[in-house]
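Each chain gets a letter, A, B and so on, in the order its sequence line appears, and its residues count up from 1.
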Amino acid sequence: MEPQANLSPENPPIGFVTGGGLEANLQVKLTVPAQTVQEGAFVVMDSGNWRFYGLVTDLQLAAVDPNYASQLNSQRFSPRLARYLNQNTLYTNLAVMPALMLEKGPDPASPEYPAWAQNRPEKVKPITVKTVPDHHAPVKLANAGDIAEIFGKEDGKTIFRVGETREQGHAVCLDLEKFVQRSSGIFGTTGSGKSFLARMILAGLIHANNASTLIFDMHNEYGPSSTSSDTGQPVSGLKQQFQSRVRLVGLGAGTDFGALHADFQLEIAHKDITPEDILQLTQTLNLKETTAATLDALQTSFGENWFSEFMNMRGKAVEEDEEGRRRPRQTAWKPGQTRRACTLAQPKACAASSAG
Amino acid sequence: MSDSSHSIPIGKLLRADNSQFVAGCRVRELETPAFGSLVRASLVDDTDVYGLITNISINDDGLVRQLVSGVSIPGEYTADNRYNRNLPVEIHVLTIGYQSEGQLRHQLPPRPPLSLDQLFLCGSDEVARFTSLGAGYLRHILRLTDQPIEELLVAHLSQARRVQDSLGNPEWYEDACQRLIVLLRDDYMRLTQVLDALSELE
């Protein structure tokens, strides 16, 4: 896609670059009222043959001299002079994080353009920013074409609209085909919309049908319908949206989702649980250092049924063995089952007894 | 050379350099020039040098000092001293532009006026023509260090504003104020003094 000319009079500059760099962000002096720009706004800066794309990360009030800001000029001077004074001595700085750059080439009307056009690749793509714009490079809010240059244009297939820019409502899209080729993460503070965005992306993936999705829905946020904690509005779940294309799996017998039933229950047999599974939860369950030895003894004593046997044990319940010694109460003996006369404290004796 | 038919001659050059000059006039001629007025010195090569009156000084001598120490001064002595004696009133002028070969510029002239070159008070037409080129000449006023520039600005801008407003151009004064603020905004004390004075014109 050719970089669209950003020279429309409807999109005038909002400021110009005054300093900064790649690491510490660019500094831009705002030439429009501060309220016309918000943190998170997408901006573009044309400098030389390059167009730079950036994100507003901060807005800072500043003054030519702190004295102009520390007093109300309207109280000292006439209203007109106070207004002129404020306009020329008080201003706002933007901090812009440069992200991408695109070689747009010289002016098509310039003599250098034909040579440049001959040598450039057919499709010019934005690349990670490697340099900085010049001092006083004009800064503009990204228009619809700029946004589409970076995020793509919604096509109803794999380029999926996930939201709009705050200031002008231009569509921000996600290329789902590229999205599923890499690992991605969604990060944000509490209430910033992580779950909402994740739900939208999952809906897009299911709709585009270009990848299978396995969703670990730990809080029942995505599968069944729920209510937004911020707005109190009902939020349609993926099951309601996509019906048979989505299967709800209940974790454990009896799991339900209100009016919605699980398509099937997922249960893990006791004998499928290995000591290694328990050891992975050492920190979560606050297990002691002797746990590994205990688990090993259980497995040695009871084989693949070690977990069931362990779950059936009652703490501090004791019984007397044939020799009158006290031991932890064991499960009821069943015909054909070898009674293991051992305790957790005597694994080797137990093993020997079984062999004998 | 500008048409001096509507300009009032108010004095003759005493001394000058590229950025300022001093003219002398007799007391009766003092009725017309005023602090902050736009004036013009016409040179022999048809160049006109424009300036603003920054100071009008009246000097004394031994006779005047004797007269003032007297108990009473007869009226004819006062009139004689003012109108007959050869003590000139000095008009100090700050150069702010010049016209040469029909081209008006807000820059310092290549050469200063010469002794005895005539000094004229500019009429409304000349004030309009000079100020319509823009307010950039105000930077010359800011060079002054030994004069109260805020008073000079108030005096001159009130005259210039009147003329521009009569031409239907009130934006000129707004532009002049903004330009002053831009030129002086790095000097907080000086700018606030100027704005205090200009606020009295509002």
Side-chain angles (χ1 to χ4, degrees), chain A residues 9 12-20 26-37 45 58-96 133-140, chain B residues 36 106 131-132 134-143 145 148-202:
Chain A
I14 59 170
F16 55 92
V17 176
T18 58
L26 295 171
Q27 292 297 315
V28 171
K29 184 172 180 180
L30 210 57
T31 53
V32 296
Q35 291 77 39
T36 57
V37 181
M45 297 157 278
D58 196 13
L59 292 91
Q60 301 149 345
L61 296 177
V64 171
D65 185 310
N67 287 311
Y68 295 121
S70 64
Q71 66 169 15
L72 288 175
N73 296 317
S74 55
Q75 287 184 346
R76 181 172 175 179
F77 310 118
S78 67
R80 171 160 53 177
L81 289 178
R83 187 171 73 250
Y84 295 159
L85 185 61
N86 291 342
Q87 284 172 356
N88 288 284
T89 59
L90 306 177
Y91 56 94
T92 305
N93 271 336
L94 300 182
V96 173
D134 294 331
H135 277 95
H136 303 160
V139 179
K140 300 180 182 181
Chain B
H106 284 171
T131 56
S132 292
Y137 66 90
L138 296 177
R139 67 182 184 277
H140 297 297
I141 299 176
L142 304 182
R143 278 191 282 110
T145 54
I149 63 165
E150 59 273 12
E151 301 302 326
L152 179 61
L153 284 167
V154 167
H156 169 66
L157 287 178
S158 66
Q159 178 194 28
R161 182 184 182 185
R162 239 184 347 264
V163 169
Q164 289 292 335
D165 285 353
S166 70
L167 296 175
N169 188 21
E171 297 82 22
W172 182 90
Y173 180 68
E174 295 173 8
D175 177 65
C177 290
Q178 298 234 38
R179 190 176 291 266
L180 273 176
I181 291 171
V182 170
L183 289 171
L184 284 174
R185 61 186 174 187
D186 289 328
D187 188 340
Y188 175 77
M189 292 302 297
R190 221 168 171 214
L191 175 58
T192 50
Q193 285 170 352
V194 168
L195 294 180
D196 277 333
L198 288 178
S199 291
E200 294 178 13
L201 286 182
E202 300 285 309

Can you measure from OH (Y188(B)) to CD (Q71(A)) and round to the nearest 0.5 angstrom?
3.5 Å
Quick one: are L198(B) and F77(A) in side-chain contact, heavy atoms under 4.5 Å?
no
Honestly, the part of E174(B) sitting under 4.5 Å from a heavy atom of chain A is both
Proximity breakdown for D65(A) and chain B, heavy-atom pairs closer than 4.5 Å:
side chain
Side-chain contact test, heavy atoms from C-beta onward, threshold under 4.5 Å: evaluate it for L85(A) versus L191(B) and give yes or no.
yes
What distance do N88(A) atom CG and L180(B) atom CG have between them, rounded to the nearest 0.5 Å?
11.0 Å
So, for S199(B) and S78(A), which heavy atoms are closest and what is the spacing to 0.1 Å?
OG-N, 3.2 Å
Of all the heavy-atom pairs spanning I181(B) and Y84(A), show the shortest one and how long it is.
CD1-CB, 3.5 Å
